[in-house]
Chemist: 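This is the structure I have questions about; it appears just below.
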Amino acid sequence: MSRQAGRGTESKKMIAFKMYLGITPSITNWSPGGDEFSLILENNPLVDFVELPDNHSSLIYSNLLCGVLRGALEMVQMAVDVKFVQDTLKGDSVTEIRMKFIRRIEDNLPAGEE
């Protein structure tokens, strides 16, 4: 995914975040190759009323967002790697989700199907 292709989907991602979570992330930290970037969430509504117990401090509570992003992009034929880099629930100042384009997914239809 070139930076231009990624930027083409930026507005759609922004609209989806605003629509479903009521927030607008900033897109930053593009890799030199243009295939990787960070989504920065100043406020993560999924952690507003959550405290991690000491015995579950390694839990990535908002990891659901990574799955949603990955699944949504798979629906438009993009394979991506999505992971948390920073988490406000663990004391970081912002929530940062790192996204890396892996490849375009080709449709493999069974023989005779089109």
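What you see is a predicted model, and the numbers here were worked out from it, not measured in a lab. For the numbers below, each heavy atom of this structure counts, side chains included, while hydrogens, waters and symmetry mates do not.
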Chemist: So does R98 have more than 12 non-hydrogen atoms from other groups sitting under 6.0 Å from CZ?
Modeler: yes
Chemist: Checking D92 side chain against D87 main chain: does a donor-acceptor pair fall under 3.5 Å?
Modeler: yes
Chemist: If we ignore hydrogens and angles and just use 3.5 Å, is the side chain of K90 paired with the main-chain N or O of L59 as donor and acceptor?
Modeler: yes
Chemist: Tell me, do I40 and E42 make a side-chain contact under 4.5 Å, heavy atoms counted?
Modeler: yes
Chemist: Do L69 and V80 make a side-chain contact, defined as non-hydrogen atoms from C-beta onward lying under 4.5 Å apart?
Modeler: no
Chemist: If you group Ile, Leu, Val, Met, Phe, Trp and Tyr by side-chain heavy-atom gaps below 4.5 Å, do L65 and V76 land in one group?
Modeler: yes
Chemist: For the residue pair I97 and C66, establish whether any side-chain heavy-atom pair is separated by less than 4.5 Å.
Modeler: yes
Chemist: Is there a side-chain contact between E36 and M99 in this structure, where contact means two heavy atoms from C-beta onward sitting under 4.5 Å apart?
Modeler: no
Chemist: Could you measure the distance from the OG atom of S26 to the CG atom of L39? Nearest 0.5 Å is fine.
Modeler: 8.0 Å
Chemist: Using the side-chain contact (heavy atoms from CB on, under 4.5 Å) rule, take F37 and I27 through it: C-alpha gap first, then chi angles, then the decisive distance, then the call.
Modeler: CA-CA 7 Å; F37 61 90; I27 298 176; 3.6 Å; yes
Chemist: Starting from V82, can I reach L73 by hopping between I/L/V/M/F/W/Y residues whose side chains sit under 4.5 Å apart?
Modeler: yes
Chemist: Does a sphere of radius 6.0 Å around CG in N43 hold more than 12 heavy atoms from other residues, nucleotides or ligands, not counting ones at 6.0 Å or beyond?
Modeler: no
Chemist: Less than 4.5 Å apart, side chain to side chain, heavy atoms only: is that true for F84 and I60?
Modeler: yes
Chemist: Would Y61 end up clustered with V85 when hydrophobic side chains under 4.5 Å apart are linked, directly or stepwise?
Modeler: no
Chemist: Can you find a heavy atom in the side chain of T95 that is under 4.5 Å from one in the side chain of L89?
Modeler: no
Chemist: With the side chain counted from C-beta on, respond yes when V47 and T88 share a heavy-atom pair under 4.5 Å apart, and no when they do not.
Modeler: yes
Chemist: About how many Å separate CG of N44 and CD of E96, when rounded to the nearest 0.5 Å?
Modeler: 13.0 Å
Chemist: Please answer whether the main-chain N or O of D35 pairs with a side-chain N or O of S31 as donor and acceptor at a distance below 3.5 Å.
Modeler: yes
Chemist: Looking at side-chain heavy atoms only, is the closest gap between I105 and R103 below 4.5 Å?
Modeler: yes
